[in-house]
Amino acid sequence: MLFPEKLMKTQVEQLLDEYKKVRNIDLTLDQFTYILNLYPSLIVCMCDGVLDKGEWDGVLRLAKGLAMEYGDGLGDPDLERLEQSFRTEFRYLLDNIEKWQKKFLNALKNHIGDSRTDKEFVLESMYLFANAADGISDVEQETIEMLTERLSLEH
């Protein structure tokens with residue numbers, strides 16, 4: 001016997017479906033969830049209205065790391081395509097923060113729930129990105145505090 005709740009998609013799966021209608025991407029749910037966990041860091045990068053070189057370099061390193069993690073067994077051309085795909089999505093999300101912010105944050109809050117590990121990852125990532133260029137500015141700190149409260153990251 002199937003239970004109805006097993007047939008329902010999670011909020012993250014619903015968001016991925018909606019995202020794929022706007023973006024022609026081939027990301028797995030696992031890959032998309034990783035991007036979702038990093039989304040608050042992208043907000044922090046853009047909170048001062050400027051994407052600094054240090055912040056962009058961090059995004060590029062992240063795309064490369066994600067490609068290495070998810071590209072196990074891929075040849076160089078496919079690995080490069082996967083890395084480019086991550087870079088492209090990060091750039092799109094950075095350029096469209098307002099469009100996706102509410103949906104991504106709602107799905108993320110629901111996804112991380114009471115997971116201390118996920119909450120720590122999200123919080124540490126925000127500080128890592130904020131620190132990427134000349135330390136943490138006042139506006140970055142305020143944004144981190146707002147997101148920490150919005151996502152219930154305090155433990």
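A donor atom on one side chain and an acceptor atom on the other are not found under 3.5 Å apart for Q14 and E18. Checked by atom type, the side-chain pair S85/E89 shows no donor-acceptor distance below 3.5 Å.
Considering only heavy atoms from C-beta on, L16 stays 4.5 Å or farther from T33 through its side chain. Y34 is listed as a side-chain neighbour of L38, based on a closest heavy-atom distance under 4.5 Å. Using a 4.5 Å heavy-atom threshold, the side chains of L66 and F90 count as touching. With a 4.5 Å cut-off on side-chain heavy atoms, N131 and Y127 do not count as touching. Side-chain contact check for L42 versus W100: every heavy-atom pair is 4.5 Å or farther apart. Within the 4.5 Å cutoff, no side-chain heavy atoms of L147 are placed close to those of V122. Two residues are said to be in side-chain contact when any heavy atoms from C-beta on lie closer than 4.5 Å; I35 and Q31 fail this criterion. Side-chain contact between I144 and L123 is present, with heavy atoms from C-beta onward closer than 4.5 Å.
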Practice task
Apply the test side chain to side chain contact (heavy atoms under 4.5 Å, CB included) to residues K103 and Y39: give CA-CA distance (whole Å), side-chain angles for both, the deciding distance (0.1 Å), then the verdict.
Solution key: CA-CA 11 Å; K103 291 173 183 177; Y39 187 77; over 6 Å; no
Exercise for the section: Check the pair R91 / D95 against salt bridge (charged side-chain N to carboxylate O under 4.0 Å, His left out), numbers first and verdict last. Expected result: CA-CA 6 Å; R91 183 78 244 182; D95 290 341; 2.9 Å; yes
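For G54 against A132, the heavy-atom pair with the smallest separation is O-CB, 3.6 Å. Between F129 and C45, the shortest heavy-atom distance links the atoms CD2-SG, 3.3 Å. The nearest pair of heavy atoms linking E13 to M8 is OE1-O, 4.5 Å. Closest non-hydrogen pair, P40 versus L108, comes out as CG-CD2, 3.4 Å.
For the pair D48 (side chain) and V50 (backbone), a donor-acceptor distance under 3.5 Å is present. For the pair K119 (side chain) and G113 (backbone), a donor-acceptor distance under 3.5 Å is present.
Contacts of N24 classified as side chain to side chain donor-acceptor pair (under 3.5 Å), with partners at least two apart in sequence or in another chain: none. Scanning for side-chain contact (heavy atoms from CB on, under 4.5 Å) contacts around D57 gives K53, L60, R61, with sequence neighbours left out.
To the nearest 0.5 Å, atoms CG (N106) and CD (Q11) are separated by 6.0 Å. Once rounded to the nearest 0.5 Å, the distance linking OG1 of T10 with CG of N110 reads 7.5 Å. One distance of note links CZ of R116 with CG of L153; it measures 12.0 Å at 0.5 Å rounding. For the atom pair CD (E140) and CD (E55), the distance works out to 5.5 Å, reported to the nearest 0.5 Å. Rounding to the nearest 0.5 Å gives a distance of 13.5 Å between CG of L105 and NE2 of H111. In this structure, the separation between OG1 on T143 and CD1 on I43 is 8.5 Å, given to the nearest 0.5 Å.
Using a 4.0 Å cut-off between a side-chain N of Lys or Arg and a carboxylate O of Asp or Glu, D78 and R81 qualify as a salt bridge.
Y70 and L29 fall within a single hydrophobic cluster, where Ile, Leu, Val, Met, Phe, Trp and Tyr are joined by side-chain heavy atoms under 4.5 Å apart, directly or via other members. The hydrophobic clustering, which links ILVMFWY residues whose side-chain heavy atoms are closer than 4.5 Å, places L93 and L128 apart. When hydrophobic clusters are built by joining Ile, Leu, Val, Met, Phe, Trp and Tyr residues whose side-chain heavy atoms come closer than 4.5 Å, directly or via intermediates, L51 is not grouped with V139.
Using cut-offs of 30° and 60° for the angle between ring planes, the Y19 and F32 rings count as tilted.
Partner of F86 under the side-chain contact (heavy atoms from CB on, under 4.5 Å) criterion, chosen from L27, I25, L62: L27.
At least one cation-pi condition fails for R87 and W56: the charged atom is not both under 6.0 angstrom from the six-membered ring centre and inside a 45 degree cone around its axis.
Counting heavy-atom neighbours within 6.0 Å of D138 CG, excluding the residue itself, gives a total of 12 or less. No more than 12 heavy atoms of other residues, nucleotides or ligands sit less than 6.0 Å from atom CE of M68.
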